[in-house]
Amino acid sequence: MSAFSLKNGQLHAESVPLAEIAARFGTPCYIYSRAALEDSLDEFLHELAGIDSLVCYAMKANSNLAVLSVFARRGAGFDIVSGGELKRALAAGADPKKIVFSGVGKTAAEMSLALSTGILCFNVESAPELERLNDVAASLGRRAPISLRVNPNVDAKTHPYISTGLKENKFGVAYEDALAIYRHAASLPHLEIIGIDCHIGSQLLDPAPFDEALDKLLLLIDQLAANGIALHHIDLGGGLGIRYQDEEAPSVKSYLQPLLHKLKQRGLKILLEPGRRLVGNAGVLLTRVEYLKQGEAKNFAIVDAAMNDLARPALYDAWHDIVPVAPRQSAVSHWDVVGPICESGDFLGRQRALAIAAGDLLAILSAGAYGMAMSSNYNSRPRAAEVMVDGSQIHLVRRRESVEELYSSESLLP
Ligand SMILES: *Cc1c(COP(=O)(O)O)cnc(C)c1O
């Protein structure tokens with residue numbers, strides 16, 4: 001994580017001291033590094049150089065407009081899962097011809113919006129969705145470009161909440177049914193079959209399941225060809241993991257090389273949908289210690305960020321490293337770092353060895369993915385500010401929400 005490093009005893013984002021951001025914009029505050037975002041996308045682009053390919057950033061991981069625009073300017077496309085994400089992507093300058101639309105519950109209104117926008121592809125997740133899309137396209141006098149999301153039934157060996165490629169998951173069509181559903185799709189006049197896709201899970205640290213999934217898709221592609229259905233692209237989804245604690249995250253190269261090798265000579269355009277890998281380690285959540293509370297059984301560091309700002313610890317028992325912004329030389333104690341929310345699940349880290357005092361700033365690392373994007377207003381807490389650092393420049397890319405905004409769309413009874 002070179003974008004966030006200690007210089008003269010102070011944690012910086014690129015060349016900006018985090019303490020300066022806290023002083024200007026307050027805490028809690030998400031901070032992203034533009035260089036880190038660009039570097040992570042470039043890792044993919046480098047491996048794909050000279051290959052007919054498209055990286056579609058899975059924007060649900062972090063949908064701040066400034067983050068999206070960093071990727072759009074570098075030529076990335078987007079993987080969206082709602083009409084809201086489509087509008088966001090377009091507001092950030094996305095090219096509609098580089099947008100793929102995933103998700104199991106696309107409404108007719110969302111399909112219609114995406115069709116009139118002229119997106120690249122609908123990643124269809126069920127047989128009934130095909131029928132609806134065909135109807136919507138007919139009503140607009142268009143043909144909808146489609147791919148079927150096939151569930152290859154491989155075990156991604158990740159947290160059950162973020163594993164998506166097993167039979168019991170709600171995503172995609174069963175591998176065994178895919179050929180029949182493709183044949184049916186080919187008979188629907190307002191659909192145009194252009195691809196196949198899969199997404200087997202998130203935070204994968206072993207590249208083997210990707211390889212297994214690709215083998216299954218390639219078999220299916222051969223069967224499709226034998227049935228007169230030729231595809232233009234293959235979309236291998238996202239899911240590549242990052243280092244949160246001491247995991248060995250595979251390099252993009254070691255993940256992609258075996259896949260690219262198998263895809264050589266196939267004549268298929270290659271689409272990828274990385275989310276977490278592009279943004280996770282490009283962001284931190286900055287928070288301030290409000291109180292140190294020494295309990296009988298435990299010590300609590302009560303900070304001003306909470307599970308509404310960063311849900312991953314409460315939701316998945318996920319680990320995020322927590323480091324002081326200005327490390328002290330004093331003795332270390334063990335602290336449960338918790339927020340002010342009235343839930344025992346409101347923790348950001350447990351039993352962390354830290355030398356801290358009330359008023360200190362802490363950085364919660366690897367918070368760029370599924371952080372702000374999953375935040376809520378629970379306990380009527382306004383959402384955090386977001387800042388993008390670019391070299392020595394500081395850009396406020398989302399101002400802190402006000403309390404009044406939280407209830408501005410509510411009304412009293414007459
Ligand atoms: C969430 C999601 C992704 C991105 O997953 P990451 O683990 O963040 O890379 C890609 N494709 C689809 C369909 C998704 O739902």
Side-chain angles (χ1 to χ4, degrees), residues 30 32-33 36-45 47-48 53-72 74-82 84-86 88-89 92 94 98-104 120-121 123 125 149 156 158-159 161-165 169 171-172 197-205 207 209-210 213 235-244 247 249-252 255-256 259 270-285 310-312 315-316 318 320 365-375 386:
Y30 275 97
Y32 311 121
S33 154
L37 293 170
E38 293 182 339
D39 287 352
S40 57
L41 176 60
D42 287 353
E43 242 190 299
F44 281 85
L45 299 180
E47 294 309 321
L48 295 165
S53 59
L54 181 64
V55 176
C56 293
Y57 165 56
M59 63 179 281
K60 74 176 190 283
N62 184 328
S63 56
N64 182 284
L65 292 189
V67 171
L68 302 182
S69 79
V70 164
F71 292 142
R74 256 178 153 65
F78 295 92
D79 171 41
I80 62 167
V81 292
S82 71
E85 286 196 347
L86 176 54
R88 255 183 192 278
K98 293 182 177 174
I99 292 177
V100 298
F101 192 172
S102 303
V104 294
L120 173 62
C121 190
N123 291 351
E125 305 224 14
R149 176 168 175 178
T158 183
H159 190 287
Y161 284 13
I162 50 179
S163 183
T164 53
N169 297 127
F171 301 99
D197 66 284
C198 71
H199 171 69
I200 58 176
S202 199
Q203 184 54 15
L204 271 73
L205 296 168
F210 291 114
D235 176 346
L236 296 173
L240 187 61
I242 63 168
R243 183 189 189 109
Y244 281 101
E247 307 92 336
S251 67
V252 172
Y255 151 69
L256 276 183
L259 308 179
I270 300 165
L271 270 57
L272 299 170
E273 302 169 352
R276 185 189 315 269
R277 182 72 180 215
L278 294 187
V279 291
N281 276 327
V284 304
L285 173 57
L310 181 64
R312 298 188 68 258
L315 192 58
Y316 314 119
H320 286 263
L365 306 185
S366 310
Y370 306 105
M372 187 64 177
M374 292 175 93
S375 65
E386 291 177 288

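Index from 1, following the sequence.
The only option from D79, L37, N62 that meets the side chain to side chain contact (heavy atoms under 4.5 Å, CB included) definition with Y57 turns out to be N62.
Contact detail for F101 and S82: the closest heavy-atom pair is CE2-N, 3.5 Å. G75 and L54 get closest at one heavy-atom pair: O-CD1, 4.1 Å. Taking both residues in full, the closest heavy atoms of H199 and G239 are given as CE1-N, 3.8 Å, listed atom of the first, atom of the second, then distance.
Scanning for ring pair (Phe, Tyr, Trp, His ring centres under 6.0 Å) contacts around Y30 gives an empty result, with sequence neighbours left out.
Comment: K60 does not engage E85 in a salt bridge, judged by the lack of any side-chain N to carboxylate O separation of less than 4.0 angstrom.
The main-chain N or O of C56 is never found under 3.5 Å from a side-chain atom of K98 such that the two would form a donor-acceptor pair. When atom types are taken as modelled, the side chain of R277 and the backbone of G241 share a donor-acceptor pair closer than 3.5 angstrom. Under a 3.5 Å cut-off, the side chain of D197 and the backbone N or O of R149 do form a donor-acceptor pair. Of the possible polar contacts, none joining the Q203 side chain to the L240 backbone as a donor-acceptor pair under 3.5 Å is found. Checked by atom type and distance alone, the side chain of R88 pairs as donor or acceptor with a backbone atom of S63 at under 3.5 Å.
A distance below 6.0 Å separates the ring centres of H320 and Y244.
A donor-acceptor pair shorter than 3.5 Å can be found between the side chains of R276 and S202.
Side chains of M59 and I80 form a contact here, defined as non-hydrogen atoms less than 4.5 Å apart. Contact check for L365 versus V284: side-chain heavy atoms found under the 4.5 Å cut-off. Contact of the L278 side chain with the F71 side chain is registered, since non-hydrogen atoms from C-beta on lie closer than 4.5 Å. With contacts defined as side-chain heavy-atom distances shorter than 4.5 Å, the pair L272/D235 does not qualify.
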Step by step, work out the side chain to side chain contact (heavy atoms under 4.5 Å, CB included) result for I200 and F210.
CA-CA 8 Å; I200 58 176; F210 291 114; 4.1 Å; yes

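Between S102 atom OG and N123 atom CG the span is 4.0 Å, to the nearest 0.5 Å.
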